[in-house]
Amino acid sequence: MENLHRVVVTGIGAITPIGNTVEEYLYGLQSGHNGVGPITLFDASLHACRFAAEVSNFDPTGVLEPKESKRWDRFSKFGVVAAKEALADSGLKIDETNSSRIGVIIGSGVGGLLTMETQAQVLNIKGPGRVSPFTVPMMIPNMATGLTAIALGAKGPSSAVATACAAGSNAIGDSFRLLQLGKADAMICGGAEASITPLGVAGFASAKALSFRNDDPLSASRPFDSERDGFVIGEGAGVLILETLTNAKKRDARIYAEIIGYGTT
């Protein structure tokens, strides 16, 4: 196709098991830090798999408004915080002159699983009258996208993808396509997940999808090893700011990389 816009990366944000900012994350990678360990988010003593890659010491104080964010699922908090970091890193300013040309796509394989699980228990034990009115807006997978768009004032193309472990990559690819075609000037995109819940771990374990190296969790994540026995469930968020090269140059933005292709099957 001719006349496609070139697309570049101008901002990065991250909430991960080895660091809650991009700087911490890079240090964790470079120092060989391993974010896998015993599950602390709930009592996993009766579970077949008792370890995961948890985000530790996550405190959104000063980044998210407490009264509002208490109504958000954990995955949405990860997504919005990572998006705010990415936007700040990019130096992109969103105002009424450009907000309709800036969109958001943040993918999630599951969405608010913890909300779904806890409210199902409320329904079963206390009855339908006690179910939170925020259940649906907390659990649906597109809420990280919606809350990010509201928080940052982005009024362009807004959607979400739920393609399991590929959701974040698909979100970046779909954003890339929109920018290529001139449907937006910038996109806030990536993935957010928080599936380390009793139901999530039990479900994956029942499907024999997880590693069961409870005696050696640090070596459990070994995707290319002949003795691989399953994956390690984890959580976090990664968000990029993508822009057309024209838009990035116009504001003299720092450019990390250029995306030159994307495919999905």
Side-chain angles (χ1 to χ4, degrees), residues 1-16 19-27 29 60 62-65 68-69 76-108 142-161 167-192 236-263:
M1 298 176 65
E2 298 181 356
N3 302 318
L4 293 178
H5 293 275
R6 294 172 66 183
V7 179
V8 295
V9 179
T10 59
I12 308 173
I15 300 291
T16 82
N20 293 341
T21 64
V22 170
E23 183 179 5
E24 292 178 2
Y25 173 57
L26 290 175
Y27 176 78
L29 288 175
V63 181
L64 303 180
E65 200 281 313
E68 190 71 21
S69 65
S76 292
K77 294 178 184 180
F78 289 162
V80 174
V81 171
K84 286 191 171 186
E85 182 186 18
L87 187 67
D89 182 52
S90 74
L92 177 65
K93 305 299 181 184
I94 302 177
D95 56 36
E96 60 182 18
T97 67
N98 65 1
S99 60
S100 65
R101 297 286 299 172
I102 300 174
V104 185
I105 305 179
I106 297 178
S108 179
N142 65 302
M143 283 312 293
T145 289
L147 292 170
T148 293
I150 293 170
L152 302 183
K155 300 177 182 179
S158 176
S159 65
V161 291
S169 296
N170 282 161
I172 294 169
D174 290 351
S175 297
F176 165 69
R177 289 289 190 226
L178 287 171
L179 292 167
Q180 269 195 321
L181 296 171
K183 304 298 185 181
D185 294 327
M187 293 294 297
I188 302 158
C189 56
V239 176
L240 301 179
I241 305 298
L242 304 187
E243 297 182 57
T244 62
L245 180 61
T246 300
N247 197 72
K249 284 186 171 181
K250 182 171 66 176
R251 64 182 193 86
D252 195 27
R254 174 189 54 204
I255 294 173
Y256 285 109
E258 179 178 4
I259 300 179
I260 61 172
Y262 164 65

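What you are looking at is a predicted structure, and each value in this text was computed from that prediction instead of being measured.
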**Study point:** Under the side chain to side chain donor-acceptor pair (under 3.5 Å) test, residues paired with Thr10 that sit two or more places apart
**Key:** Glu243
Review point. Testing Leu240, Ile241, Thr21 for side chain to side chain contact (heavy atoms under 4.5 Å, CB included) with Ile12, which one passes?
Key: Leu240
Review point. What's the verdict on side-chain contact (heavy atoms from CB on, under 4.5 Å) for Val80 and Leu64, showing C-alpha distance, side-chain angles and the deciding distance?
Key: CA-CA 8 Å; Val80 174; Leu64 303 180; 3.6 Å; yes
Looking at [X], I want to see if its [atom1] is surrounded by more than 12 non-hydrogen atoms of other residues, nucleotides or ligands under 6.0 Å.
{"X": "Arg6", "atom1": "CZ", "value": "no"}
{"X": "Phe176", "atom1": "CZ", "value": "yes"}
{"X": "Tyr27", "atom1": "OH", "value": "no"}
{"X": "Asp95", "atom1": "CG", "value": "yes"}
{"X": "Glu258", "atom1": "CD", "value": "yes"}

Result block: side-chain N/O donor-acceptor pairs under 3.5 angstrom for residues 151-161, not counting sequence neighbours:
none

Note, [X] side chain near [Y] side chain (heavy atom, < 4.5 Å):
{"X": "Ile255", "Y": "Val9", "answer": "no"}
{"X": "Ile259", "Y": "Ile172", "answer": "yes"}
{"X": "His5", "Y": "Leu179", "answer": "no"}
{"X": "Met187", "Y": "Leu178", "answer": "yes"}
{"X": "Tyr262", "Y": "Asp174", "answer": "yes"}

Check your understanding: Ser90 and Arg251: side-chain contact (heavy atoms from CB on, under 4.5 Å), yes or no, with the steps?
Key -> CA-CA 11 Å; Ser90 74; Arg251 64 182 193 86; 3.9 Å; yes
Pairwise distance [atom1]([X]) to [atom2]([Y]) - rounded to 0.5 angstrom:
{"X": "Met143", "Y": "Ile150", "atom1": "CE", "atom2": "CD1", "value": "6.5 Å"}
{"X": "Ile188", "Y": "Lys84", "atom1": "CD1", "atom2": "NZ", "value": "11.5 Å"}
{"X": "Asp89", "Y": "Leu92", "atom1": "CG", "atom2": "CG", "value": "11.5 Å"}
{"X": "Ile102", "Y": "Asn247", "atom1": "CD1", "atom2": "CG", "value": "7.5 Å"}
{"X": "Ile105", "Y": "Thr145", "atom1": "CD1", "atom2": "OG1", "value": "7.5 Å"}
{"X": "Ser99", "Y": "Ile94", "atom1": "OG", "atom2": "CD1", "value": "8.0 Å"}

Please give me the minimum heavy-atom distance between [X] and [Y], naming the atom from each residue.
{"X": "Val81", "Y": "Pro60", "result": "CG2-CB, 4.1 Å"}
{"X": "Ala144", "Y": "Ser76", "result": "N-OG, 3.6 Å"}
{"X": "Leu242", "Y": "Ser175", "result": "CD1-CB, 4.2 Å"}
{"X": "Val239", "Y": "Ala82", "result": "CG2-CB, 3.7 Å"}

Point to revise | With Asp185, the salt bridge (Lys or Arg N to Asp or Glu O under 4.0 Å) member among Arg101, Lys250, Lys249 | key: Arg101
Review point. Judged by atom type as modelled, is there a donor-acceptor pair below 3.5 Å linking the side chain of Ser108 to the main-chain atoms of Ala192?
Key: yes
Point to revise | Side-chain donor or acceptor of Asn98 paired with backbone N/O of Lys93 under 3.5 Å | key: yes
